[in-house]
Engineer: 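Below is a structure I'd like to ask you about.
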Amino acid sequence: MAQDIALRPVVDPALEDAERALLERSADGLFPASLPLPEEQGLGGRTKADIWTALGVSAVCALLPVTILWALIGVWPGLAVGLAAQAGLIWVGVQFGFETFILTVVGVHLLAWLLIVVLGCGTDERQRVARLRHGRYYLAEDFGDDSLRELLGHSPLRRMERAQAAVTAVLQSQVDRDGLLDDIANDVTLPAQQYEIAQRLAELTRLARKVRTAAGGASGSRVEEVLRTQRQALRLSSSALEERVEALERYAENTRAADTAYREWEAVRELEQLGEDMHELVVNTVRDELAVAEIEGLADRSRLQDLHRMLDEAREAGLLATRFADEPADRRTGDSGRV
């Protein structure tokens, strides 16, 4: 089921967990795999603006440390260090005179400026990983837009959003968290399926863009004939991907149904745990066979059979959605590389 949400970065599941967490946080600061990696600015990504900003901040740190250190190193540590530094500067001025005071401020200013430039500016860890792993994650820009629908028969971006929404629905389900789908390695298989779909869709997008660029504004029977053949090849490969996405969506739908049944079963179980107290209450209040039979029959109203059936359906859908990982590559329909 497609959802109107922005596509999150699709990251290679083979990367280390720490790197995946950094890249999956958001698309800000990442680089589309379909575009060349831009050159990093000199001085480790530090700009002239960084240097001038650090110069101003360090001047305040040197002259009035109590007013700014709390914003740099935390409220309480900053206030403590700032008050101590401020008191030290005042003591230097009183004990050694104005000239020594100025020299001390200048020295602290240069030291603070150097520390801020080296430690506080430039490329951070997330930007470093984004550059290092460029090409092993995909962004919305890698899947084009609706203008490719004529060639592919669909929007690659919308299809990727559907696949990601289905995978997220399964991995965030209660039945998966509680291990009721443990015969399917969802934490491993589904991210791998999502990444493979992203790779294929990005490749289809790249080829569709090249076909569109090559065709340009040309017309004529020969151009139309070649374009028709390439369009058919693109759509054939696209159809095979659609089957994978639909299988993931069926798996997600069955998982939602299993979640509903599981929550209902848990509610019934909690209510049935009150059955003994309710039995005593009704017996003591009504004292007739009808009331006793009604309370004793609560145990027969469990929805375990419905829950088991829906869990089985979710497992079957999951096995169908993940069957592509076990199929040989030559059995998969459509090869975008033939275009």
Engineer: Is Trp113 linked to Leu89 within one hydrophobic cluster, defined over Ile, Leu, Val, Met, Phe, Trp and Tyr using a side-chain heavy-atom separation of less than 4.5 Å?
Structural biologist: no

Engineer: Whether the side chain of His109 engages the backbone of Thr104 through a donor-acceptor N/O pair (distance < 3.5 Å, no angle test) should be reported.
Structural biologist: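 Not at all, since once roles are kept as given, no pair shorter than 3.5 Å links the two residues.
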
Engineer: With a 4.5 Å heavy-atom cut-off, do Leu35 and Glu141 have their side chains touching?
Structural biologist: no

Engineer: Should Val108 and Val81 be regarded as members of a common hydrophobic cluster, given that ILVMFWY residues are connected when their side-chain heavy atoms come within less than 4.5 Å of each other, either directly or indirectly?
Structural biologist: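 Cluster IDs for Val108 and Val81 differ.
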
Engineer: In this structure, which one of Glu19, Arg136, Gln199 forms a side chain to side chain contact (heavy atoms under 4.5 Å, CB included) with Asp12?
Structural biologist: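 By the side chain to side chain contact (heavy atoms under 4.5 Å, CB included) criterion, Asp12 pairs with just one of Glu19, Arg136, Gln199: Arg136.
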
Engineer: Do the side chain of Asp259 and the main chain of Gln174 share a donor and acceptor less than 3.5 angstrom apart?
Structural biologist: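 Yes; judged by distance alone, with no hydrogens or angles, the pair exists.
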
Engineer: To check you understand the geometry: which heavy-atom pair defines the closest contact between Tyr138 and Ala198, and what is its length?
Structural biologist: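 Answer, listing the atom of Tyr138 first, then Ala198: CD1-CB, 4.0 Å.
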
Engineer: Could you see if Leu139 belongs to whatever hydrophobic cluster contains Val10? Use Ile, Leu, Val, Met, Phe, Trp, Tyr and a side-chain cutoff under 4.5 Å.
Structural biologist: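 Leu139 and Val10: separate clusters.
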
Engineer: List the steps and the verdict of side chain to side chain contact (heavy atoms under 4.5 Å, CB included) for Leu115 and Leu111.
Structural biologist: CA-CA 6 Å; Leu115 290 174; Leu111 178 62; 4.3 Å; yes

Engineer: Roughly how far apart are Gln193 CD and Asn186 CG, rounded to 0.5 Å?
Structural biologist: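 One gets 11.0 Å once the value is rounded to the nearest 0.5 Å.
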
Engineer: Whether Arg256 and Glu253 form a salt bridge (side-chain N of Lys/Arg under 4.0 Å from carboxylate O of Asp/Glu) is what I want to check.
Structural biologist: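 So Glu253 pairs with Arg256 through a salt bridge.
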
Engineer: Any ion pair linking Glu242 and Arg235 (charged N to carboxylate O, less than 4.0 Å)?
Structural biologist: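 Answer for the salt bridge query: no.
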
Engineer: Restricting to non-hydrogen atoms, name the atom on Arg8 and the atom on Thr168 that form the minimum distance, rounded to 0.1 Å.
Structural biologist: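 Heavy atoms only, the tightest pair is NH2-OG1, 2.8 Å.
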
Engineer: Could you tell me whether the side chain of Arg133 and the main chain of Val11 form a donor-acceptor pair under 3.5 Å?
Structural biologist: no

Engineer: Identify the two heavy atoms, one from Tyr137 and one from Ala33, that lie closest to each other, and give their separation to 0.1 Å.
Structural biologist: O-CB, 3.6 Å

Engineer: Is the shortest side-chain heavy-atom distance between Leu241 and Arg244 below 4.5 Å?
Structural biologist: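 Result yes, sub-4.5 Å side-chain heavy-atom pair found.
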
Engineer: Return yes when atom CD of Glu16 has more than 12 non-hydrogen atoms of other residues, nucleotides or ligands closer than 6.0 Å, and no otherwise.
Structural biologist: no

Engineer: Return the minimal non-hydrogen interatomic distance between Ala166 and Ala252, and the atom names on each side.
Structural biologist: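 Nearest heavy atoms, Ala166 then Ala252: O-CB, 3.6 Å.
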
Engineer: For Leu248 and Arg162, run side chain to side chain contact (heavy atoms under 4.5 Å, CB included): C-alpha distance rounded to whole Å, both residues' side-chain angles, the deciding distance at 0.1 Å, then the answer.
Structural biologist: CA-CA 9 Å; Leu248 287 173; Arg162 289 167 51 202; over 6 Å; no

Engineer: Between the main-chain N or O of Leu234 and the side-chain N or O of Ser238, is there a donor-acceptor pair closer than 3.5 Å?
Structural biologist: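 Side chain of Ser238 to backbone of Leu234, a donor-acceptor pair under 3.5 Å: no, none is there.
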
Engineer: Please give me the minimum heavy-atom distance between Asp176 and Val170, naming the atom from each residue.
Structural biologist: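 Heavy atoms only, the tightest pair is CB-O, 3.4 Å.
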
Engineer: Do the charged groups of Glu125 and Arg128 touch, with an N to O distance under 4.0 Å?
Structural biologist: yes

Engineer: Is Leu37 linked to Val129 within one hydrophobic cluster, defined over Ile, Leu, Val, Met, Phe, Trp and Tyr using a side-chain heavy-atom separation of less than 4.5 Å?
Structural biologist: yes

Engineer: Kindly say whether Leu22 contributes a backbone atom to a donor-acceptor pair with the side chain of Arg126 at under 3.5 angstrom?
Structural biologist: yes

Engineer: Is the backbone of Ser34 close enough, under 3.5 Å, to the side chain of Asp142 for a donor and an acceptor to pair up by distance?
Structural biologist: yes

Engineer: Grouping I, L, V, M, F, W and Y whenever their side-chain heavy atoms are under 4.5 Å apart, do Leu30 and Met160 come out in a common cluster?
Structural biologist: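 No; Met160 is not reachable from Leu30 via cluster members.
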
Engineer: Can you find a pair of side-chain heavy atoms, one from Leu236 and one from Gln232, that are under 4.5 Å apart?
Structural biologist: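 Of all side-chain heavy-atom pairs linking Gln232 with Leu236, none is under 4.5 Å.
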
Engineer: Checking salt bridge (charged side-chain N to carboxylate O under 4.0 Å, His left out) for the pair Arg206/Glu203: CA distance, chi angles, key distance, verdict?
Structural biologist: CA-CA 5 Å; Arg206 184 186 69 84; Glu203 179 66 8; 2.6 Å; yes

Engineer: Would you indicate whether the side-chain heavy atoms of Leu79 and Val75 approach each other to under 4.5 Å?
Structural biologist: yes

Engineer: Donor-acceptor pair, distance only, cut-off 3.5 Å: does the side chain of Gln164 make one with the backbone of Leu7?
Structural biologist: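 No; zero donor-acceptor contacts below 3.5 Å.
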
Engineer: Which pair of non-hydrogen atoms, one from Ala208 and one from Leu148, has the smallest distance, and what is that distance?
Structural biologist: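 Minimum heavy-atom separation between Ala208 and Leu148: CB-CD2, 4.1 Å.
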
